[in-house]
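What follows is a short report on a single structure.
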Amino acid sequence: MDHSKRTWMWVGLCLTFLIALLYWLSSGRPEAYPPYLSNSPSPTGVKALYTNIDQEDDISRWNQPPEILPESESPQLLLMIEPYSTISQSEMQHYVSWMREGHTLLLMKNNPVGYFESDVEYGIDPSGETLVKSQNGGEYKAVVGQQHRLMPRDSDDVILEDSEGVLAYERAYGDGSLIVGMNPDWFTNGQVLENNHYELAAYLLGQNERERLWVDEYIHGKETLDAKFTIYPQWLLVLALQIGLLALIWLWLKGKRFGPVFMPREAEVRFGIERLQALASWYRKRKFYRESLDIQVSYVRQLLHERWGIALTTSWEDVRHTLSYRLSEDRFQEWQRWTREIEQLENLSKVDEKAYLEWSETLDEMRRGVQDR
């Protein structure tokens with residue numbers, strides 16, 4: 001009883017230390033946000049642009065898969081800013097179907113290759129601050145650091161370009177359209193007010209009429225397991241962790257162990273070997289030489305049947321006749337000698353130890369003769 005109390009006392013101390021450590025690590029530190037989130041106030045987030053649009057326009061976040069994108073007779077716009085991972089082909093088809101119904105998808109990605117059959121031209125020197133021209137003749141100052149430019153099709157409309165190439169274009173999909181643009185950093189809190197980035201963002205968002213603007217957060221992994229944990233308060237997560245640790249410690253104290261079950265080798269081979277040794281010793285002590293030879297002959301006949309299809313009851317004369325067609329002359333001569341020696345066993349009811357050893361050696365040679373390929 002005293003040992004159990006001491007054990008639980010140490011468990012309590014360890015958990016108390018863990019709580020204090022987690023509280024110290026989490027307190028006083030700013031919350032970390034992934035980049036390009038619409039609710040992120042960090043320099044890499046886009047909360048500033050989202051808040052500004054929210055004051056003047058109907059804007060909402062979209063956190064669901066593309067299979068259930070909002071259906072409406074009025075045109076809508078879906079803003080995708082730098083997806084964290086490549087969209088699957090099935091999801092891509094859902095986005096395309098949604099655009100064909102009359103809606104617009106604005107994809108802002110540093111390198112959109114792999115998305116909606118987009119392509120780029122590489123080998124362009126980073127230009128830094130550059131002069132961006134729009135299709136209506138407007139000019140904007142912006143920072144462009146990529147070493148590539150977009151490669152639109154002949155049927156696409158170029159929306160933005162600089163001296164090095166195309167920075168944004170629009171492609172028709174049924175009654176709707178796709179707008180592909182580079183430089184998602186123009187939308188971020190840290191750069192939206194630099195140069196003319198805000199004007200460029202507003203220009204891209206205002207290309208087509210819309211009833212509602214959606215910001216796609218599904219592409220930022222909102223449905224992943226890590227993201228789901230963030231909806232719970234830290235004290236609840238710490239409590240759940242400690243309950244899990246207590247359960248594991250309790251199971252450990254009860255003698256439970258986790259992992260694969262390994263069968264000891266002794267349980268697999270020891271008793272089999274000991275049985276054979278005991279059986280051989282019994283045959284030797286009881287001088288069952290004739291019975292032992294019968295077992296060896298049966299085993300050799302079984303091998304002959306498995307390799308050459310010779311029946312188990314075939315006479316040794318017929319065995320020699322069959323092997324004469326299958327073996328070379330030298331090997332056939334060996335089999336003739338072996339089988340003629342074994343034939344003598346058929347007329348014997350008792351065998352002494354010396355003869356037993358000689359015939360066992362002959363049968364062992366026959367076994368190796370069958371098994372050698």
Side-chain angles (χ1 to χ4, degrees), residues 1-48 50-51 54 59-70 79-91 94 184 188-190 214-272:
M1 182 63 68
D2 293 338
H3 177 72
S4 177
K5 288 182 178 179
R6 286 196 301 270
T7 301
W8 284 108
M9 181 184 67
W10 281 108
V11 170
L13 290 175
C14 291
L15 291 177
T16 303
F17 174 76
L18 180 61
I19 293 174
L21 180 63
L22 291 175
Y23 178 79
W24 178 75
L25 291 175
S26 60
S27 62
R29 300 177 62 184
E31 183 177 356
Y33 288 92
Y36 305 110
L37 294 183
S38 60
N39 62 345
S40 170
S42 70
T44 60
V46 294
K47 184 176 181 179
Y50 182 94
T51 304
D54 191 30
I59 184 172
S60 299
R61 296 180 178 90
W62 181 257
N63 295 292
Q64 303 299 322
E67 300 95 280
I68 54 175
L69 281 167
L79 174 61
M80 301 172 61
I81 305 177
E82 195 63 47
Y84 287 167
S85 59
T86 303
I87 302 172
S88 66
Q89 289 299 320
S90 60
E91 291 177 330
H94 289 297
T188 61
N189 303 328
W214 297 93
V215 179
D216 195 342
E217 294 292 359
Y218 174 78
I219 58 174
H220 293 147
K222 281 296 182 180
E223 297 300 314
T224 62
L225 184 62
D226 293 339
K228 289 182 178 179
F229 277 130
T230 59
I231 66 176
Y232 300 102
Q234 288 188 352
W235 66 267
L236 182 60
L237 296 176
V238 172
L239 180 61
L241 175 62
Q242 293 183 23
I243 292 175
L245 290 175
L246 282 173
L248 289 176
I249 293 172
W250 179 78
L251 291 173
W252 186 270
L253 292 175
K254 289 294 183 180
K256 306 296 183 182
R257 299 296 182 264
F258 305 95
V261 178
F262 295 102
M263 184 69 69
R265 188 174 185 275
E266 293 79 1
E268 295 180 349
V269 300
R270 174 186 173 188
F271 299 111

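A quick note: this is a predicted structure, and the numbers were derived from the prediction, not measured.
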- Smallest separation among heavy atoms of H220 and E82, with atom names: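 Heavy-atom minimum between the residues: NE2-O, 3.4 Å.
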For [X], side chain to side chain donor-acceptor pair (under 3.5 Å) partners two or more places apart:
X	value
S60	R212
S88	S90, E91
S38	R61, E217

- Query: Are any side-chain N or O atoms of N63 and backbone N or O atoms of Y218, one a donor and one an acceptor, separated by less than 3.5 Å?
  - Reply: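 Such a contact is absent between N63 side chain and Y218 backbone.
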- Message: Any side-chain to backbone donor/acceptor pair from N189 onto S42? Under 3.5 Å, distance only.
- Response: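 Flag set: sc N189 to bb S42 pair under 3.5 Å.
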Test of understanding: with side-chain contact (heavy atoms from CB on, under 4.5 Å), list the residues that count as partners of [X], not counting sequence neighbours.
X	answer
I68	W62, Q64, P65
P83	M80, L107, K109, Y115, I219
P41	Y33, K47

Find out whether [X] and [Y] are in side-chain contact, i.e. whether some heavy atom of one side chain is under 4.5 Å from a heavy atom of the other.
X	Y	result
V215	I59	yes
T188	Y36	yes
V46	L37	no

- Query: What distance separates L248 CG from I243 CD1, expressed to the nearest 0.5 Å?
  - Reply: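 Rounded to the nearest 0.5 Å, the CG-CD1 separation comes out at 12.0 Å.
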